[in-house]
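Accompanying notes for the structure given below.
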Amino acid sequence: MTPLLLLRLLCLLSLAATAAALPADFTTILAAKSALSDPASALVVWDPRLSRSPCRWPHLLCSDRSPAVASLLLSNLSLAGTFPSPLCSLESLAHLDLSYNSLTGPLPPCLAALPSLTHLDLAGNEFSGQVPGSYGAGFPSLATLSLAGNVLSGAFPGFLFDVTTLEELLLAYNPFAPSALPENVSGLTSLRVLWLSGCGLVGEIPPSIGSLGSLVNLDLSTNNLTGEIPSSIRRLENVVQIELYSNRLTGSVPEGLGALKRLQFLDASMNRLSGEIPADLFHAPSLESLHLYQNDLSGRMPATLGQAPALVDLRLFTNRLVGELPPEFGKKCPLQFLDLSDNRISGRIPAALCSAGKLEQLLILNNELFGPIPPELGQCRTLTRVRLPNNRLSGPVPPDMWGLPHLYLLELVGNKLSGTLDPIIAMAKNLSQLLISDNGFTGALPAQIGALPALFELSAANNMFSGPLPASLAEVSTLGRLDLRNNSLSGEVPRGVRRWQKLTQLDLANNRLTGTIPPGLGELPVLNSLDMSNNELIGDVPVQLENLKLSLLNLSNNRLTGALPPLLSGSMYRDSFVGNPALWRDTCPSGRRARTGRRGLVGSVTSILAVAGVVLLLVVAWFCYTSYRRQHSGHAAEPRGGGRDGSSRPRWLLTSFHKVEFDEDDIMSCLDEDNVVGMGAAGKVYKAVLGGGGEDAVVAVKKLWGDEGKAAESTGKDSFDAEVATLGRIRHKNIVKLWCCIRSGDCRLLVYEYVSNGSLGDLLHGGKSGLLDWPARHRIMVDAAEGLAYLHHDCAPPIVHRDVKSNNILLDAELGAKVADFGVARIIGNGPAAVTAIAGSCGYIAPEYSYTLRVTQKSDVYSFGVVMLELVTGKKPIGEELGDKDLVRWVHGGIERDGLDSVLDPGLAGASKDDMVTVLHVALLCTSSLPINRPSMKTVVKLLVEAAPPSPESMPKAAEQRPLDV
Ligand SMILES: *[C@@H]1O[C@H](CO)[C@@H](O)[C@H](O)[C@H]1NC(C)=O
Ligand SMILES: *[C@@H]1O[C@H](CO)[C@@H](O)[C@H](O)[C@H]1NC(C)=O
Ligand SMILES: *[C@@H]1O[C@H](CO)[C@@H](O)[C@H](O)[C@H]1NC(C)=O
């Protein structure tokens, strides 16, 4: 026997000896440990060789009397595998928490026999199959049972209502087969929490629910419950929260709820409730939040609303409510949020709404309010969003209201308001959107508008504003939309408009503007729509406007003169310059010379600038090239990671995954702020043009620095490297290549293939969507879906992207799509536990994330469904035009109200309609609220390929195959 073998044997023997000395419960949990997959090594410390007092091991507590295990607290440790059945022999186990791991397989029937178990939490795993029948008969002392957020199927386990010791029963978000609640649920006399959202419940809510005298929290939301809300719920005298939203409940809101002393939250929104709101409801002494929106409620607002003592949040939008609001509403309650939009409420806005000094959001869109906006609202300094469009409000806006310090959105469009825009607006430091079109405002636009640091949109069309455009307006570099159409503005368009780097829409049509068109307009990088028709503008059309890629250009009906710049002379702009008698179209090449003559100065300045640009480019290229040469000649032998000049510069270490022609210094020398091409949650992205001529001559460098870099550091070098190496190994035509990773200290650079046409999001929503016809959009979807399917199904272990969105789908020169930034959210987070920090982007996040805090392949599928919806509808995932909804809810609402066709992108030709509808169905499937109902990415690819529009080539090909006519 070799010494080495002997040593091994001794080790084994000593391990066996220590294990044998352990109390039985610990031998059991070691068996459970070895049955589990523990990729995060959370349980390595359970080891008798490391600690001889197992009661001090982490994640467990012993009972007082003997060294027996009483509590196992194993939540959120990335554990995987099936349920470790040895745990069923822990006789003293009282508390078992395995929530938020990745456990699969069936629920173990043996648990029901544990005599001491009082608390069982298996939420947020992937347990499947039916709930074992033994669960209804066993569990002698169980108080808490949570199975929420798994993939349990079969009939809803009504038999759990026989476990009479239960105080908390949480089964929400499991794909049970449609089932009714048991007729009699009154046995659970101790039940405090009943959480059954998203359980596939159908039928009526049993009246016996009113006998659950201890109930504090009742949540039956997001099911398909029908019938009326049983009036017996008014007997739930301990209830604090009742959630019934998103069902198909009919009938009226029962009377008597006002007597519920502890009721704080009542939500029955998104049902089919009708009738009037019962007057006594507002007597409920603790009622803070009442949501009854999107129902069919009618009748007048009860006068008792004015007496509600605790109301903070009232949302009754999209009903058929009429009548006036009680004038004292707000005097007695600390109101913060009020949304009564889309009703037919008339009368005046109550002056007392903000009496408590708390009101933040006031939304009464599309009603029949009249009279003035009460001056008291001008003193309501807490307001952040005020939306009162499409009412019949009149009189001036209280002057102080313009200057509210936290106000972000002020929307008063479509009323009969008059008076002026007060200079006090200078105080509105947070104002982003000022939307006051379609009113009767007069006077000049105050110069103070130019001092607003956050102004993004100013829409004041169809008013009677007069006087000049304040020169200060050109200073507002945050401006994205400026619409002053159809006023009586005069004077010149301010110079200095180059600062409008974010401006997409400029509409100054139908005014009395004079002077010339500022050439600087040609330098606005994202300008998409420019309308200055029907003014009194003179002079040339600046040649700089040729730089713009506009979907709308209208300079008609002015007094412009001279020759049109050649690129603007095409038929595309036929209607852009009508009504300018002294302007001539010049299509022959000699026209260019003539123009140069007339525009000598501008022309030569432009060419000087152009030459200077070329020289600068050459200098940069030379710089990159020489540093490249230096690396590849004199210093080629120097070890990677060594500082080039021996100074105190940090040492860089390059790990490459592909054969690359550059090194860390080449990259570093190109990380200039001028080369920044993007900014993401993870850090800055640079475009680096390198010396070599190969495929990798241009690369994108993502710099993870600061907090993100530090987070990566604390993940541990090894796990960061391992993650990055996994990503680096991926090779797929629809996935952006990760060339290499460079790091030093807490700074990390990820070097990617450069994809030339930018992101799908920018192209689609940046006003260039015209470039994307339906076949192009369809191809992009198939490409991106294939990339994601590869990550999910062909990589081992599978890679979850975690941040699928249109901005992470890049387009190459042929509009081929490549998925970018996969897995980055994970490597910059702190392991699985900190995925909470970054998991997706607004509008793309799957609903289960809110209760599981975990992202899976199915969360990617959801996000990809949102991207498909963007391509089908042309809309952003969230945004003003969707109202307060996200795109998924907006699409559902639109389809329900106006049919499938109503949500399709109106910009696309009607010919593709059928294909678009097919894809819309796939997208809806992907965005199902339950993960189990979403198809896998593989299936998505298949469904998309089947929905392919006929390719233009397919027709001649078919003709070729036809037998020749002889
Ligand atoms: C500005 O408005 C936004 C959006 O309502 C809000 O989140 C933010 O807190 C406001 N900031 C200030 C300083 O009022
Ligand atoms: C122009 O604005 C006035 C109000 O100032 C309005 O009455 C008129 O309808 C508007 N014209 C158009 C075409 O919208
Ligand atoms: C520009 O405006 C004029 C007059 O308002 C209109 O006749 C013309 O069709 C418009 N052109 C374009 C391209 O919209």
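Note that the structure is predicted; figures quoted are calculated from it, not measured. These numbers come from the heavy atoms of this one structure, side chains and all, not from hydrogens, waters or symmetry mates. Whatever order the structure lists them in is the order used to number ligands and atoms, beginning at 1.
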Next item on the list: Starting from atom 3 (C) of ligand 2, locate the nearest protein heavy atom and write down its residue, its atom name and how far away it is, to 0.1 Å.
Entry: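 Its nearest protein heavy-atom neighbour is N486 ND2, 3.6 Å.
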Check: Are there protein heavy-atom neighbours of atom 7 (O) of ligand 1 below 4.0 Å?
Finding: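 Answer no: nothing from the protein, no heavy atom, is under 4.0 Å.
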Margin query: Under 4.0 Å from atom 14 (O) of ligand 2, is there at least one protein heavy atom?
Written below: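 Neighbour list for atom 14 (O) of ligand 2 includes protein heavy atoms (cut-off 4.0 Å).
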Checklist line | side-chain contact (heavy atoms from CB on, under 4.5 Å), paired with L431, selected from L452, L409, L458 | finding: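 With L431 as partner, side-chain contact (heavy atoms from CB on, under 4.5 Å) holds for just one option, L452.
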Note to self: Which residue is it: V493, L530, N547? I am looking for the one with a side-chain contact (heavy atoms from CB on, under 4.5 Å) to L521.
What the structure shows: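 Exactly one option meets the side-chain contact (heavy atoms from CB on, under 4.5 Å) with L521, and it is L530.
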Check: By number and element, which atoms of ligand 2 are closer than 4.0 Å to a non-hydrogen atom of M464?
Finding: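 Those atoms are 5 (O).
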Check: Which ligand 3 atoms are under 4.0 Å away from a heavy-atom of N554?
Finding: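 It comes down to these atoms of ligand 3: 1 (C), 2 (O), 3 (C), 8 (C), 10 (C), 11 (N), 12 (C), 14 (O).
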Next item on the list: Using a strict 4.0 Å cut-off to heavy atoms of N557, name the atoms of ligand 3 that fall inside it.
Entry: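 Per the distance check, 4 (C).
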Checklist line | Nitrogen or oxygen of T384 less than 3.5 angstrom from that of ligand 1 | finding: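 Looking only at distances, the answer is no, because the N/O contact criterion of under 3.5 Å is not met.
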Item checked: Geometric N/O contact N534 with ligand 3, under 3.5 angstrom ->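 Yes: some nitrogen or oxygen of N534 is under 3.5 Å from one in ligand 3.
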Check: With only distance considered, is D575 within less than 3.5 Å of ligand 3 through an N or O on each side?
Finding: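 Checking ligand 3 against D575, an N or O pair does fall under 3.5 Å apart.
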Notebook entry, point to check: What orientation do F317 and Y293 show, parallel under 30°, tilted 30 to 60°, or perpendicular over 60°?
Noted result: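 The rings of F317 and Y293 lie parallel, inter-plane angle below 30°.
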Next item on the list: Considering the heavy atoms of N430, write down every atom of ligand 1 situated less than 4.0 Å from one of them.
Entry: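 Within the 4.0 Å cut-off of N430, ligand 1 contributes 1 (C), 2 (O), 3 (C), 8 (C), 10 (C), 11 (N), 12 (C), 14 (O).
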Next item on the list: Measure from atom 5 (O) of ligand 2 to every heavy atom in D438, N463, N510 and give the option owning the shortest one.
Entry: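 Minimum heavy-atom distance to atom 5 (O) of ligand 2 goes to N463.
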Presence of salt bridge, [Y] and [X], under 4.0 angstrom:
X    : Y    : value
R512 : E536 : no
R499 : E475 : yes
K875 : D905 : no

Margin query: Donor-acceptor pair, distance only, cut-off 3.5 Å: does the side chain of N343 make one with the backbone of I345?
Written below: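 No, N343 side chain to I345 backbone: no donor-acceptor pair under 3.5 Å.
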Note to self: Tell me whether R315 forms a cation-pi arrangement with F337, defined as NZ or CZ under 6.0 Å from the six-membered ring centre and within 45 degrees of its axis.
What the structure shows: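 Yes, a cation-pi geometry holds between R315 and F337.
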